[in-house]
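Convention: sequence-line order gives letters A, B, ...; per-chain numbering from 1.
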There are 2 protein chains.
Amino acid sequence: MIFTFILLDFFAKIRLKHNAEYNQGEINMSLCKLNILPNNITLEVPKGSVLLKAIKDAGVLIDTSCAGQGVCGRCRIIVEAGEYNAETTTHLTDEEVKDGYCLACVTLIEGDMRIRIPAATQLGKEKILSGIEGEPSKIVTVGHWEISPRTKKLHLTLSAPTLDDSISDLERIHRQLKSSGYKDYRIHCSLDVLRKISETLRKQDWNITLTLVEHNSLLHIMDIEAGDVTKHRYGLAIDVGTTSVVVHLVDLINGRIVEVASSYNAQMSCGEDVISRIIYAQKGGLSELSQKVISTINQLIDKLVKQTGIGIRQLEEMVAAGNTTMMHLLLGINPQYIRREPYIPSVTFFPMIRACELGIKVNDSALLYCMPCVASYIGGDITAGVLRSEMYKDEKLTMFIDIGTNGEIVLGNSEWLVAASCSAGPAFEGGGVKCGMRAASGAIEQIRFNTKTKEPEFIKVIGDAKPVGICGSGIIDALAGLFLSGLLNSNGKINQDITSPRIRKHNNITEYVLVWADDTQNKRDIVLTEIDIDNVIRAKGAIYAGFSVLLNQIGQDFSQIDSFLIAGGLGNYLNIENAVIIGLLPDVPYDRFKYLGNSSVIGAHLALLSTKLRKDAEIIAQSITNLELSVSPGFMDEYMSALFLPHTDMNAFPTVMQLMNNTNAG
Amino acid sequence: MIFTFILLDFFAKIRLKHNAEYNQGEINMSLCKLNILPNNITLEVPKGSVLLKAIKDAGVLIDTSCAGQGVCGRCRIIVEAGEYNAETTTHLTDEEVKDGYCLACVTLIEGDMRIRIPAATQLGKEKILSGIEGEPSKIVTVGHWEISPRTKKLHLTLSAPTLDDSISDLERIHRQLKSSGYKDYRIHCSLDVLRKISETLRKQDWNITLTLVEHNSLLHIMDIEAGDVTKHRYGLAIDVGTTSVVVHLVDLINGRIVEVASSYNAQMSCGEDVISRIIYAQKGGLSELSQKVISTINQLIDKLVKQTGIGIRQLEEMVAAGNTTMMHLLLGINPQYIRREPYIPSVTFFPMIRACELGIKVNDSALLYCMPCVASYIGGDITAGVLRSEMYKDEKLTMFIDIGTNGEIVLGNSEWLVAASCSAGPAFEGGGVKCGMRAASGAIEQIRFNTKTKEPEFIKVIGDAKPVGICGSGIIDALAGLFLSGLLNSNGKINQDITSPRIRKHNNITEYVLVWADDTQNKRDIVLTEIDIDNVIRAKGAIYAGFSVLLNQIGQDFSQIDSFLIAGGLGNYLNIENAVIIGLLPDVPYDRFKYLGNSSVIGAHLALLSTKLRKDAEIIAQSITNLELSVSPGFMDEYMSALFLPHTDMNAFPTVMQLMNNTNAG
């Protein structure tokens, strides 16, 4: 993990110099017209502006892992016409430069321009897990528990005041509450509620509904409404992901999902992973990041409200789950110490706050509960996932795995829980891979090889279009296929003994052509280079090393684990067999693996509905022992051993050995 | 009380018609210049504007009891030049109209104008009781109690985090709190605090000071500061009066007053008494009223901060006392039901709110405690007064009296407390009296008669200037003097049998000239008319009837009362003997009367310093039985009997009888 940080910081320093120059350029206020295709948006920007910033300002989301740090090479666009000044970059071939390709982050606008954002650079309609894949009933079925949201709605009919009974409106409510089971409670209400009490009481003849929250012996009146509105109660469960945000609109009476909405996290334009977001926040972008994710949430709420006809005011509670950095950014808390040794978050157990304080458009009195985090790199999404998995109730040993830019692992049972995170890098999300892309329209999500012809024989593309790139699950398939076909050696080198037009050198780097240009959307070969493969092997090696260290620490091995639960975006589309072949997952009977889908939003959903499960979540977050892998003895050894396909210790992968033998024999 | 309401409503309806016409006039947007003297402020206003509104818009405070309802006749100004359209009014003589006098509330601006606000109309530098008259030590000495503000400041030194001890910043604070005596507390903090935790912890090497509030077993972290700042703690005690606002800046460590500031309540421009403010609020002026009193408070805070060099941030707590309507307006709560039978306030026991929510400029986390009220017309100022008086601890019977526009009476001892309010009308504040004015510069505050020559022989004017009018204490002196001199009969009629140039008729109303025009600032005779006298008698009659009914209800009489405590503005300058002579106060030995001064601010001050006394205040407010005089049997009889000087039952006033006999004999 530390290595990554140092590298990013190094690049950040280089970029700072550039930015200073760009800013000077911006002082020249002569304006240039920029036309962005295919969106066909035109805007005017000062001459000398950075193209990436202009595209962001136009509201066009494009792929930028490094948030314009000049590191990732993903923001490639095509200049169709106009004057510009682009820095040379190793991320583009001479041919591409000739064709007008630039990296938007190192290109200055020098005159009117027309640019095109190629499909692979666009942030397309990504496959976002809603948490209810294959559950059309919209009922989340995890365990047995009573529906008991944190807020209660209580309908009261008060006696009208007279000269002989002239206590104040608030005291009248208190008196009724005290005779309705809240005798020994201290009752409190906010200024907002105070200001509307007298009108509300008189609106429907002293019939009111109170929204109440208990807190030990303190009773908080969150809202007062006229009449009996106890029958319409809704809440929101939100997965605040680094990449995407998923919202469940939940009926708090019957627990069902009314509707689901999801979209990219608008913070994507400020960097693709948590580290680049933290850097962005540190450079003065904290409130921008906070506003961006809140605007995403508000847009989704807006969509849900329009689709269902449920009013904003009826949304009376919220639960959000996300990694520790996402939670800090959502609340506008500076996350900078998350990134610095000894990696300290400001907060892991979040106090309840009113959602409207953040500008979230729900009932003014709605509380936001943030799923508790464990540590800087084990967040509330993982707590939610463990809650959803029920592994904390099970006597048998379970390993919970969430693979993304960071891999998070939780191991344990009803007695103990231990967790670790490892920085896998962006390879499984298509980053650091030449033709890599997110699991969006145009991405190869499955690929199968004929081990005899050593040719790809089956390709599945998201959106059933021609491919433009390859996403995480496809990359794993490709590596496994190449390896089993003998096209790829154990050390990640392409086997040059085999003669195939698909194996070639480009800029002195050996690569394998998965799809020829003619069969792609953008008429460019889709390839895997040895550098790509190296990145993937390092990613999988880091995660597998995480598994191993965790097990070593508690003196267990993989065979003792009863089930492996795979959560997160990659998880649902992952071919388990291939993941085992490349050594990302351990070689255990396949039936021990289960997909959990978006366990973060489901966990949030459960916490929204049940006070008991919310308490469970707090116990989970408290119980989990976090292992800092970067300081764990043996991590580097395990990591080095895992930098092979599938692993240096082949005995740990008997099934893969068998498959290799079969293939060779065949 | 009811009569007054009906009358005001009647006039309000008439005015509504006028306002509609004026508003139409305002559509004509040609502008006129208005020059206001002696302030010499010039502003431009649309032709057709109401003059009073223009004066208010210019920020000039003038006397308007009825807030421009056209009822009180106090907003008299002199037009020196210009075009205008003034309605005829019985409040001005033909001569005055000839001299350019108008009522600003019924005058339309028709062209450029120059006007002068006469001294009697200006709101001058009023005598405002600071609560520490004659106590230069700035120590409030009421009983014995421990200084224990609601907030605590706790200095903590935390251990710096390491890789082996990497809990979040907030959890680190929690852990330290739990080992510092808050083991079983649930700890909470606000979003603001959350956002500054990580920076503050690292500012002075993990040395911090927390501001804490306990609430049963809930511990609220109100603020976090770097270093040890436990030695500098300040709070504010505020009397939010209908007329004026008084603020004590209090040292929370030693309990002393650091400084005092006071000024008019800026709401004065919206009406002089609570009823006209409620009407103003109902007509859409609620937020204006709220903002006005908050701006007054902020100006006073600003002044205090500048005088003392104490920072805004160090003001960590506030207690406000005021009548029920003032408290509603301060918090922006609609007070309209206070005015309508059965007279129900929205709230009497106020939840704690953050002062900054109201826009009050103190520490963001400072809480505002509002002294609890008893009923619509027995407010937190009275609770504060009873707290300050300590009568609730005394076995002997005490009567607490606060005389202003409303007279409030509390009777009782350590066993029971009963209260009543009576609408005295504005006579004791100079309202409804032709030459009446507030106790401000130029007001006659004392007047003594030579019973032989039947001429005034001693006059004391506030500010040692020539007089312009007469204020409450002077009016009482005058009535008593006129009565004892035989110039005034028991029924309030001027004795026309006596020949004196001072007794004359004007517009068919008999009046007595107190000061001849030559001896006044504004060259107008200062008179008392029979109508004035009638208004004063009705005012004192209402209050005395209040005393009587209260005593009747509990089967006691005046002789059983051990002490009479006189609070409020009038109280401190009142000549007790004269108040007894006119029958405002009962005829008991004079040494039973004590002045309490501004007991509202002192009570707030006590509640600011002591948790125990704050609890006492709540017990006081809960214990007081409020008597609604308007529905009390016998009130009307008692009132009618009290409409004489001193009373129809002369036996109740033996000392006065003696004085009358002495005078007659002499």
Side-chain angles (χ1 to χ4, degrees), chain A residues 160-172 174 186-199 201-202 215-218 220-221 286 324 328 331-338 341-354 357-358 373 375-376 626 628 630-631, chain B residues 160-172 174 186-199 201-202 215-218 220-221 286 324 328 331-338 341-354 357-358 373 375-376 626 628 630-631:
Chain A
T162 63
L163 279 171
D164 292 327
D165 176 22
S166 61
I167 54 172
S168 78
D169 290 336
L170 181 60
E171 270 63 54
R172 188 167 302 273
H174 283 191
R186 197 177 167 97
I187 298 165
H188 188 266
C189 77
S190 71
L191 195 56
D192 296 341
V193 169
L194 213 53
R195 284 176 177 163
K196 60 186 178 186
I197 282 181
S198 59
E199 285 310 317
L201 280 172
R202 288 161 179 87
H215 208 62
N216 299 341
S217 60
L218 194 74
H220 209 97
I221 303 175
L286 175 59
T324 312
H328 278 60
L331 301 183
I333 303 169
N334 191 334
Q336 65 170 308
Y337 300 100
I338 288 179
E341 200 181 317
Y343 318 119
I344 306 296
S346 271
V347 50
T348 43
F349 288 79
F350 301 86
M352 297 289 281
I353 54 167
R354 293 207 312 184
E357 272 191 82
L358 295 175
C373 300
S376 275
N626 178 46
E628 195 59 56
S630 58
V631 295
Chain B
T162 63
L163 278 170
D164 292 329
D165 177 20
S166 61
I167 55 172
S168 78
D169 290 335
L170 181 60
E171 270 63 54
R172 187 167 302 272
H174 283 192
R186 197 176 166 98
I187 298 165
H188 189 265
C189 76
S190 71
L191 194 55
D192 295 342
V193 170
L194 214 53
R195 284 176 177 163
K196 58 186 179 186
I197 282 181
S198 58
E199 286 309 319
L201 280 172
R202 289 162 179 86
H215 209 62
N216 298 342
S217 60
L218 194 73
H220 209 99
I221 303 175
L286 175 59
T324 311
H328 278 60
L331 301 182
I333 303 170
N334 191 335
Q336 66 170 308
Y337 300 101
I338 288 179
E341 200 182 318
Y343 317 119
I344 307 296
S346 271
V347 50
T348 42
F349 288 78
F350 301 86
M352 297 291 280
I353 54 167
R354 293 205 313 182
E357 272 192 82
L358 296 175
C373 300
S376 274
N626 179 45
E628 195 59 55
S630 59
V631 295

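Contact annotation for B:Leu286: neither backbone nor side-chain heavy atoms come within less than 4.5 Å of a heavy atom of chain A. With a 4.5 Å cut-off on non-hydrogen atoms, A:Arg354 does not touch chain B at all. Contacts between A:Val631 and chain B at a heavy-atom distance below 4.5 Å involve the side chain alone, from C-beta outward. For A:Leu358, the part lying under 4.5 angstrom from a heavy atom of chain B is the side chain only. If you measure heavy-atom distances from A:Leu331 to chain B, the contacts under 4.5 Å come from both the backbone and the side chain. For A:Phe349, the parts lying under 4.5 angstrom from a heavy atom of chain B are both the backbone and the side chain.
In this structure, B:Thr324 contributes its side chain and B:Cys373 its backbone to no donor-acceptor pair below 3.5 Å. Checked by atom type and distance alone, the side chain of A:His328 pairs as donor or acceptor with a backbone atom of A:Ser346 at under 3.5 Å.
More than 12 heavy-atom neighbours from other residues, nucleotides or ligands sit within 6.0 angstrom of CZ on B:Arg195.
If you tally non-hydrogen atom pairs under 4.5 Å between each of A:Asp169, A:Ile333, A:Ile197, A:Asn626 and chain B, the highest count goes to A:Asp169. Heavy-atom pairs under 4.5 Å with chain A were tallied for B:Ile353, B:Asp164, B:Asp165, B:Leu194; the largest tally goes to B:Leu194. Ranked by heavy-atom pairs under 4.5 Å with chain B, the list A:Ser198, A:Ser376, A:Ala160, A:Ser190 is led by A:Ser198. Most heavy-atom pairs under 4.5 Å with chain A: of the set B:Arg202, B:Lys196, B:Met352, B:Glu199, this distinction falls to B:Arg202.
Annotation for B:Pro161 and B:Arg172: closest pair CB-NH2, 3.2 Å, computed over non-hydrogen atoms. When every heavy atom of B:Cys189 is checked against every heavy atom of B:Leu170, the shortest pair comes out as SG-CD1, 4.2 Å. The two atoms that bring A:Leu191 and B:Glu357 nearest to each other are CB-OE1, 3.9 Å, heavy atoms only. Listed here is the closest heavy atom pair of B:Pro345 and A:Ser166: CD-O, 4.4 Å.
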